[in-house]
Amino acid sequence: MRGSPFAAGVLISLALALWPQPASPRTDKPECIAPAKPGGGFDLTCQLVRTALLNGKLTRSPMQVTHMPGGVGAVAYSAIVSQRPGDGNAIIAFSSGSLLNLAQGKFGQYTEADVRWLAAIAADCGAIAVRPDSPFRSLKDLVMAITRDPAGVVFGVGGTIGGQDWMKAALVFRAAGLSPKRMRYVSFEGGGEAFIAMQGGHVQVVTGDIGEGLALLEAGKIRLLATLSEQRLPGKLAGVPTAKEQGVPVSWPIVRGFYMGPKVAESDYGWWADTFRGMVATPGYAGLREAHGLLPFSLIGAELRPFVTKTVQDYATVAAEFGLVKR
């Protein structure tokens, strides 16, 4: 991952000064809602955009990041749909995990049709992490351990059964010829809590995301056994093998982005969509995104909704394969 947040911020400021900024109907008090506690992927997504917008001077005041944990996104989803459906200042972070939960009906009465999907602004991928002093030196070591004693290794996952972190671990169990029902895991409200628990020795393995674990990796507080990407990642992660390289055919790509309330005015929605289009097109944004451990991916405005619909359908099929509750 090349580039620094400072250098990337300078480039963003210069580039955004050159493209026409659309009129802003409501950006006096912009708010990004992260549907979990600080330190996880939702928080990462909000912090990335907060920095990009601040550096580009695209809002009249700094974006407030509000943490709204509960139900791994369900509480925030319900609050926006039922209490703040027309709030044009608020954007809410989502990930592929949010879509997986929607596919299983975990957001109660609400479906993917109940909000306005705004923008996907980056990609992430799953990773399998351990403490630096872990006896597991490779993914093969972990697979051998769970094969000998499936309940002998404690996994930490953000979310509950059926969530994307649980699903990553379940796919590893299935690849090892084991039933995920034999997996021993502890659920946390977001990946940030899972990593904290692992550092404290409460769990042995975290099936998290690259983005939320990058700072811990660079600080030497975790070690990666594998990335759940199709190919090795660039930059600092080039030395980390994929799960597939180690004989475990598991991959888990992740999309990171935002949605808005269902009754947001077209002028507000249009401003945010135009702003994101300009932001992701600047050379400086790529450096800032990489500094946050994220990969290129963008679908903005109307082009995002078909992707969300299809992804939810695909996840429903995967959930059914594991005998999880269908929508």
Side-chain angles (χ1 to χ4, degrees), residues 5-6 8-9 12-13 16 21-95 97-98 115-122 124 158 189-193 209 211-212 215 256-280 282 284-285 288-289 291-294 300-301 304:
F6 175 78
I12 288 176
S13 298
L16 289 177
Q21 297 181 19
S24 168
R26 300 180 66 181
T27 54
D28 287 327
K29 297 180 180 179
E31 178 185 13
C32 186
I33 297 176
K37 294 182 179 180
F42 293 136
D43 187 38
L44 168 78
T45 309
C46 283
Q47 297 297 344
L48 167 62
V49 170
R50 182 183 190 277
T51 302
L53 295 179
L54 185 63
N55 289 344
K57 299 180 180 179
L58 294 176
T59 53
R60 289 188 284 270
S61 60
M63 174 175 282
Q64 174 185 339
V65 176
T66 302
H67 296 94
M68 193 179 293
V72 195
V75 169
Y77 206 86
S78 175
I80 289 299
V81 175
S82 63
Q83 301 171 26
R84 300 169 61 181
D87 191 342
N89 282 330
I91 60 174
I92 306 88
F94 82 91
S95 73
S98 310
V115 299
R116 299 195 72 176
W117 299 97
L118 175 62
I121 48 88
D124 202 344
E189 183 63 44
E193 281 195 344
D209 307 336
E212 64 189 15
R256 298 205 175 278
F258 301 94
Y259 64 86
M260 300 185 77
K263 296 182 180 179
V264 168
E266 193 62 37
S267 58
D268 290 358
Y269 179 85
W271 183 87
W272 282 107
D274 288 343
T275 298
F276 277 126
R277 287 189 189 97
M279 185 186 76
V280 300
T282 62
Y285 177 74
L288 185 60
R289 185 197 62 233
H292 283 72
L294 300 175
I300 298 172
L304 177 58

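Here the structure is a predicted model, which means the values were calculated and not measured. All residue numbers in this chain count up from 1 along the given sequence.
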Taken to the nearest 0.5 Å, the spacing of Arg50 CZ from Asp43 CG works out to 11.0 Å
For Met68 and Ala79, the nearest pair of non-hydrogen atoms, with its separation, is SD-CB, 3.9 Å
In terms of heavy-atom contacts, Ala273 and Leu118 come closest through N-CD1, 3.8 Å
Separation between CD1 (Ile91) and CD1 (Ile121), nearest 0.5 Å, reads 8.5 Å
Test side-chain contact (heavy atoms from CB on, under 4.5 Å), reference Arg84, set Glu31, Met260, Lys263, output is Glu31
In this structure, CZ of Arg256 is separated from CZ of Phe94 (nearest 0.5 Å) by 10.0 Å
Query raised in the report: Ignoring hydrogens and geometry, is there a side-chain-to-backbone donor-acceptor pair from Gln64 to Pro30 under 3.5 Å?
Result: no
Rounded to the nearest 0.5 Å, the OH atom of Tyr259 sits from the OH atom of Tyr269 at a distance of 14.0 Å
Taken to the nearest 0.5 Å, the spacing of Ile33 CD1 from Phe42 CZ works out to 12.0 Å
field: Ala74 backbone acceptor or donor facing Ser78 side chain under 3.5 Å
entry: no
In short, Met279 meets Ala52 closest at the heavy-atom pair SD-CB, 3.4 Å
Problem - Donor-acceptor contact below 3.5 Å, side chain Glu212 vs main chain Gly39 - result: no
Note: Trp272 and Asn89 closest approach over all heavy atoms is CZ2-O, 3.8 Å
Under 3.5 Å: donor-acceptor pair, side chain of Arg289, backbone of Ala122 = no
* Show your working on side-chain contact (heavy atoms from CB on, under 4.5 Å) between Thr275 and Leu53 and close with a plain yes or no. => CA-CA 9 Å; Thr275 298; Leu53 295 179; 3.7 Å; yes
Minimal heavy-atom distance between Leu304 and Phe258, with the atoms involved, is CD2-O, 4.3 Å
Distance col, row Asp87:CG vs Ile92:CD1, nearest 0.5 angstrom, shows 8.0 Å
message = Can you confirm whether Leu54 sits close enough to Met63 that some side-chain heavy atom of one is under 4.5 Å from a side-chain heavy atom of the other?
response = no
Taking every heavy atom of Ala93 against every heavy atom of Cys46, the minimum-distance pair comes out as CB-SG, 4.1 Å
Subject >> Whether Asp124 side chain and Gly211 backbone form a donor-acceptor pair below 3.5 Å >> reply: yes
For the residue pair Leu44 and Asp209, establish whether any side-chain heavy-atom pair is separated by less than 4.5 Å. no
